[in-house]
Each structure stands twice: as C-alpha cells, then as structure tokens.
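To find a chain, count down the sequence lines: A is the first, B the second, and so on, and within it residues start at 1.
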Number of protein chains: 2
Amino acid sequence: MTGSLTVAGLGPGDGALVTPEVSAALAAATDIVGYAPYVTRVQPRDGLTLHPSDNRVELQRAGDALRLAAEGRHVVVVSSGDPGVFAMASAVFEALEAAPQWQDLSIRVLPGVTAMLAAAARAGAPLGHDFCAINLSDNLKPWPMIEKRLRLAAEADFAIAMYNPRSASRPEGFERTLAVLREAGCGERLVVFARAVSAPDERIETVRLNDATPEMADMRTLVIVGNSATRRVGRWVYAPRHAR
Amino acid sequence: MTGSLTVAGLGPGDGALVTPEVSAALAAATDIVGYAPYVTRVQPRDGLTLHPSDNRVELQRAGDALRLAAEGRHVVVVSSGDPGVFAMASAVFEALEAAPQWQDLSIRVLPGVTAMLAAAARAGAPLGHDFCAINLSDNLKPWPMIEKRLRLAAEADFAIAMYNPRSASRPEGFERTLAVLREAGCGERLVVFARAVSAPDERIETVRLNDATPEMADMRTLVIVGNSATRRVGRWVYAPRHAR
C-alpha cells in the first residue's frame, strides 16, 4: 500500500494565490477529487484522472479518496481556500475515523489562503485585531447555535468573518444574522461584502451594518463585520492594533 | 509620484508556502521593509535595499515605508504569515491615516498563509468548525479584555487559535490563559501546541488542557484550543463538521 492522500487548498481562485507546495502536489498526483467547480481549476494532463462530484457529498467524496489512496493512487483532494476552514479536511478525518483499516495511509494537509484572508487584504486590514470565523450555513448545525455565537462574538467585540452567508436554499439566514447583530448593538459597525475575490468579477463593498441588506451577499460572498473600532482611511477599512 | 507600497505575507517560514503573487512582488521591489527576522527571508540582489528593523516599532516602520514609496520607490513591507492578521497591514493604515498627503499612493495588501492555518494543517483539521483568533499579547490591549474574550469564546464553543501566547517579557499571561479556560470548563478540551511550523525544528504536540503547562508555549508557538467536540483519529486532531 504505497498510495497517498493529500488534502490541498487552492486559494480563493487566482492561480497566483496557489502555494508552490500545492502546485507540486497537483503535479505529482494521479487523481484529483473534489467538488466539481474546484476540480475544474486543475489543469488536465495525461496520467491524471479527475473525479468531480456534487456539493453536499463531502463524506462520500472523502471515503472515495481514501479508497483510491489505499489502492496505491496518489490522490489530491482539492478545496477552495484553505482545506481546514469549512472545507474537506474535517470530512477526510471523519471518514478516516470510520475506516480504521486506512489509518496507516500516508496523509498530508496542505494549507492555503482562505477566503477571509483574501477578502481582508482587498479591503485593507479588517482582521488586524482579534476576530472569529463563523459558517452561517445551518446544514450542519442548528440555527440557534449560530445566533448564540453571533451574540457572544458581538459581546467579545470580535471582528466576524462570515462564510456561506446566503444560498438559494437558505435565503433567510443572512437577514436574521443582520437582525441579531443590530439587536446586539452592532448597527454602526462597518461591514465588508467581498464577492468573488481574486476572480475577474470581484466586487468589494463596505457599508454600515444598519445600511446592509440581505441581497448584498450571495454564495460567492465573504462578509466581514468589523469590530467597534474598525474604521475607514480613504478607500480602505482597517481594525486598529490598539484597543482600550 | 510613481512609487508603490505592497504589504505582503511571507507565510510561516517554508519557501514552498510563499504565494507566487508575493514572490513576484519581491522580485519587482526596490526596497524591503520589516522586522529583521522576516527581512532576512528575502534573497538579497543588486538593486534591492533591505531595511530591517526591531520589534515593537511597527508604526515608525510603516511611516518609513510610506515615505520611501512617496519618494518613488517600490516598497514591500514583509510580515510573517498573513500581513492582515496581527501583523503590519493595520500599522500601515494607521500610519496612512496620520499622513493624508500619502493617501493617493498605490497600495496593495497581498495575503499569505497565516500561522494558524499552517499549524492546523500539520495537526489535522482543528479549525474545521467555527473558531476565533486571539492575540494573547497585552502590549496593545488591556489584559482584562483578553480574559473576557477567552470566557466568551469558551461559552460560544469556538476553537481558539492563540497568537503570541508567551514571551520573555510576558511570562505569566499564558498561565493565566490556561487557568481562565479551566475555570470556563474547558479542561477536557484538546490543545495543539505547534512550534516553528514548516521550519526544520517544527514540533507538534497535543494534550488535554488539564495537562497543558505554560512551558509548552514560547514566542514561536501557535496554540489551538479545540472546541468541545474536537477529537483524535490516529495521530490527527480534528473538529467534526456537525454540531448539535
């Protein structure tokens, strides 16, 4: 059993944000496994088999990848951004826990530039002070848990990076998110809507939370709510390093 | 005025984790400005002036960089990891706010692989569910604010990535951090100590918080406290995707 499994992050989209470590892993792979739009980002070549799959089949995809590696293949599971942040790495370890026969496989996780870092860089430095990252999808956790975390994050005065703010199947969650944060006294905070960061149709927009509307976010948007001190300088938004 | 200022993240240390975007910026630079250990990571060449500086002079360094760019130089300010996470980007915007005459300068922020992502990848996927990032240094904020954030993060059941857990000038802060989290009921949580990630002397160690001691962390350590569901599978540590 001389196969291997690498879980790699492709960054937010632009090839210039893919680390050389990940590029080398892709060049050495025999098989690429992942959600179809991410597999499409890997250049096809002789000797490389692409295995695109649908959304919401993460655990099955992880099991398939482990099986291929156990057969001796050199498999790279690709995620957008960083594979450890709301992406495939957790699913791979969940699948591994359920399959003790594969626990001796050679496995590596290769980090990448996750969406909130790319979005923050385009906006300025809204994550320059303490912050949190919350996945707003309630596919994998109950909605009241998300609301509780939003309230506590506001009380802690964290900047809040929000992944998966809104999708066609969950149109109401982001509206509730804005309402919870207004109730928590965050209405005057700056909010960055970063859509399609590093892609040709990138769009960065910053408004006060009181002026934010649910339609400003979609599936391709990363939202960063600033902390109470986050401020503008020219076209930039940043969190001061000092806090009192 | 045709100079430029680029704020770039060099990643955790290994050259294979520097993005091509950052490598291109370094190749086009006339001046590199930064904390000396990070400037040392840039290859010297003809036409490139290195400006290493000491720790704790971030604002002065940022002003120097802006001045050089205003003189027509192509300046790259380097940070370890990502420049927007507890690094130079916020200091640059703070300096820019104080110097309106430079607000038309061409400025870019280039993201990088921040320490917590590299550490998490080595350990498995401890940031696979909602998490927060807290800078444990009280140089720039009062200690009670840090304690309050730790308590709220525990209540929110976030995984907690801790930057700058311990230094010679602040030996007691991390001991207090462990005590606060024990009081908050986190004693059974898994804690990852990731030291010198991607460097030759890298060391990853995982223990229960009740078994953690202050000496396990130093200036080069990134600490990740798991959430209440974080678990081991073989040598790996991961946060399950689901929560109840």
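- When heavy atoms are compared at a cutoff of 4.5 Å, B:N139 does not approach chain A at all.
- Heavy-atom pairs under 4.5 Å with chain B peak, among A:P12, A:A91, A:P240, A:A159, at A:A91.
- Ranked by heavy-atom pairs shorter than 4.5 Å toward chain B, the options A:V92, A:L150, A:D157 are led by A:D157.
- Partners of A:E97 under the side-chain hydrogen bond (donor to acceptor under 3.5 Å, both in side chains) rule, at least two apart in sequence or in another chain, are B:R231, B:Y238.
- Within the 4.5 angstrom heavy-atom criterion, no atom of A:I146 approaches chain B.
- When A:R232, A:R244, A:M88 are compared by the number of non-hydrogen pairs under 4.5 Å with chain B, A:R244 comes out ahead.
- Proximity to chain A among residues 53-60 of chain B is limited to B:E58, B:L59, judged by heavy-atom separations below 4.5 angstrom.
- Only the side chain of B:Q103 comes within contact range of chain A, with at least one heavy atom under 4.5 Å from a heavy atom of that chain.
- Using bins of under 30°, 30° to 60° and over 60° for the plane-to-plane angle, the ring pair B:F93/A:W236 lands in the tilted bin.
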Give the table of side-chain donor-acceptor pairs shorter than 3.5 Å for residues 15-29 of chain B, with sequence neighbours excluded, one pair per line with atom names and distance.
from, atom 1, to, atom 2, distance (Å)
B:T19, OG1, B:V22, N, 3.1
B:S23, OG, B:T19, O, 3.4

Atom pairs and distances, donor-acceptor, side-chain atoms in residues 113-136 of chain B, under 3.5 Å, two or more places apart:
from, atom 1, to, atom 2, distance (Å)
B:T114, OG1, B:Y163, OH, 2.6
B:R122, NE, B:E202, OE1, 3.0
B:R122, NE, B:E202, OE2, 2.8
B:R122, NH2, B:E202, OE1, 3.2
B:H129, ND1, B:R241, O, 3.3
B:H129, NE2, A:R149, NH1, 3.0
B:D130, OD1, A:N135, N, 2.8
B:D130, OD1, A:K141, NZ, 2.9
B:D130, OD2, A:K141, NZ, 2.5
B:D130, OD2, A:R149, NH1, 2.8
B:N135, OD1, B:S137, N, 3.0
B:N135, OD1, B:N164, ND2, 3.1

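- Contacts between B:R151 and chain A at a heavy-atom distance below 4.5 Å are absent for every atom of the residue.
- If you tally non-hydrogen atom pairs under 4.5 Å between each of A:L110, A:V85, A:V237 and chain B, the highest count goes to A:V85.
- Chosen from A:L140, A:D82, A:D14, A:L96, the residue pairing most often with chain B at heavy-atom distances under 4.5 Å is A:L140.
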